[in-house]
Every structure is written in C-alpha cells, then in structure tokens.
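Indexing begins at 1, ligand by ligand and atom by atom, following the structure's order.
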Amino acid sequence: MSESKRIGIMTTGGDCSGLNTVIQRVICGAAVRGWTVIGIRDGTDGLYATPVQASELTPESVPLAAARLSGSILGNGRAGVMNFEAAAKIGKLDEFNKKLHDSLISLNLDTLVLVGGNGSLSLAWRFKEIYAGVKLVCIPKTIDMDVPLTDATVGFNTAVQQLTTYCDQLLMTARSHHRWFVVQAMGRDCGKLALEAGIATGAAVILMPEIKFNMDKVVERIKNAETDYGIIMVSEGISLRGHSGRAADMISRQLTAAGIANRPEFPEHLMRSGDTTATDRILATTMADCALCAIENNETYVMTAMQNGVCKTITLAEFFSTGDVVADPHISGLMTSNAYVSPDDPLLQVAVDMGTYIGEMKD
Ligand code: F6P
C-alpha cells in the first residue's frame, strides 16, 4: 500500500457522459491504495459555498452499475450563481478566487483531481493562486474535442454515438416525407463532433467552422442527391455571411428559399447525455488510473492525455504553449487553448470520398 493520501475530486464546466465512470474508478483506485477521497459538489459552486459542499466518497458512493450513467453524481454547478465570469463582471474576481483557495485548503487535500474541459483547464492555468498548496491533476472531458495534445476526451465518443443514433432515427421520417433534416451539432468552435457523427450517419453535407463553404454548392449537392431525403449536419459554430441566428436555422432558410423541403433539428443536450459508451468507459478508466499514478508520483499541474494509444500526463504548461490560443473576452488575461479539426485530419478526405460536401477544401 502506498503512502496515505487525501485527495479531492470535482467535475466542472458542462456535463458529459463518462464523468461517473471517472469518479467511480478514482474512488476504487484510491480505496485500493488506502487513500481518502473527498467529493466536491457542483464544481466551484461547492467551494464557494459556506460551509464548503464536500463529503467523503467510498466505493459504495458510486455503485458499479451507476458508473455508466451520464451526468455527474457530484454535479457540475448551477447556472446563475457566482462563477469566474460573474465575479469578473462585478470586479470581485480576487475575492472569488481567494474563497475557492481557502475552501480547498480547509479540505486539507494533497491533490485535487479536476475533471474539466478547455475552459476549466484554462482557468486553472490563469489563476494558479487558487491551487497554491494543493497539487492539481486534471482529466480532460468534453464533447467538443477542443482540448489540445490529447487524441481523446471523456464524453466525446458517447456524444458522437448519441448524435449518430438521433440522425439514424430521423432518417426514417425524412424518407417518409421526402424531406431533409438540418441537424445542428454542438461543439462550440470545433467541428469534430459534426464531422464524426456526420460521417457515421452518412450525411450528404457536413459544415464545420474550420472550413469555408459555399451555399450554392450545398444546394447543388442536395438537388443532385440520389435521394430526396437525408441529413445535413451543421456545427453550431459555423457562420454565413450576411445572416444571423442559429446555424441550422440559417441553413434551413437558404434551403427553403431554394425549394428544398427541410426542417432544422436541435438535438442539443441529448449529445451530452446517454449511457456511456464502452469506448468512453475504457477511456475514463484509463485516464483515472493515469491520474492516480500521477498522484502517487507527486505530479502537479498536469493533465492526462491519450497520445497514439498511450495514456500519459502532460503539463498544463505544454497545453498552453501548443496550438492556437485565443483571449477570453470576459476575463482579463485568460487565454483559452483551442484544438480544431486539423486540415490534415484523414476523416476529411474520407467524407469527400463518400460524396459528402464538407466545404471548399484547399488543395
Ligand atoms: O462545451 C460543451 C457544450 O455542450 C458546447 O458544445 C455547447 O455550445 C455548450 O456547452 C452549451 O452550454 P449550455 O449547457 O450552457 O447551454
């Protein structure tokens, strides 16, 4: 048995499927090592609350059968309460951060396992004072796949499955009504979810923020389609010059104007829910195990990452020195590191070869 430790775990940012698997595997791995696990409720809401919302987790806290369920038994936070952005808006960020820090210290933790996405990791890097005196090990989770330096994030595979199933089922009614469905995928500025689910369901068109598209070519592709029904997958982050509104609505209006029968569809948070796929369960388990090893090795300010099939830790410094970094408009000095669909992504050519219009690819 290794040196006794007291570790914390919290889930921050948007939920996704696979969080409970991570929590359950961390608890079980810690129990084997004789460590204590403290679960913080509702992410930073729990740390900001008085008294701090946290309690000990044991293997009974998340029975194996519940580990596959979506959401997080710890919660991810409530909309409308104090958070980084709200505190920045009223000039109380220092106060907010100090409260989070004091709460963490009061929990007497060796290490905090932060299960978060791009935003949470960026905030942890920007406001290191929150974690002073506590080691930090992060596990990346997001359906957006916008975290650099990892080939996989917890929740993405389930989101692809959810969106694919949704489209597969829509196709039946599409066929009956000789109609197209313009399905809006989540993903913020990253088109990876739209790309993968679009290919999986056999979409005729996939539009992503990373690739400029020509609306006339979209219309042409649909008018020349071998069927009079199908799926047009659009990522929520696309824009159409001279038009505003939601992505699927914008494209739907253009298709209607061109005489193509269609409906916009918004599967929304269904993409973040659904029983965790086996692939995500394995990923969550592997990353939880890697995080526990990092804690054993006294690592800090690291993130678990899958690279070429191997799970390892990378430093958050590496995370922020690689790839595109964009400034957050709401919080001074906050840089968000974004990963996008790379022009070299082999799936782009796969989509083209399938006859899918994905925009104007550069040669
Ligand atoms: O980052 C995850 C995500 O689901 C995005 O894909 C989406 O744009 C956003 O969160 C939705 O956030 P909310 O749940 O606050 O509506």
Apply side-chain hydrogen bond (donor to acceptor under 3.5 Å, both in side chains) to Asn83 and Lys89, showing your working. CA-CA 10 Å; Asn83 57 27; Lys89 211 170 173 179; over 6 Å; no

Stepwise side-chain hydrogen bond (donor to acceptor under 3.5 Å, both in side chains) test for Asn157 and Gln161: CA-CA 6 Å; Asn157 183 267; Gln161 185 59 59; over 6 Å; no

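For residues 153-165, no pair satisfies salt bridge (charged side-chain N to carboxylate O under 4.0 Å, His left out), with sequence neighbours left out. Note on residues 36-50: pairs passing side-chain hydrogen bond (donor to acceptor under 3.5 Å, both in side chains), not counting sequence neighbours, are Arg41-Ser55, Thr50-Lys99.
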List, one per line, each side-chain donor-acceptor pair under 3.5 Å for residues 169-183, sequence neighbours excluded.
unit_1	atom_1	unit_2	atom_2	d
Ser176	OG	Met172	O	3.3
His178	ND1	Asp228	OD1	3.4
His178	ND1	Asp228	OD2	2.7

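Closer than 4.0 angstrom to ligand 1 sit non-hydrogen atoms from Ile143, Asp144, Met186, Gly187, Arg188, Glu236, His269, Arg272.
In this structure the side chain of Lys135 never reaches within 4.5 angstrom of the side chain of Ile295, judged on heavy atoms.
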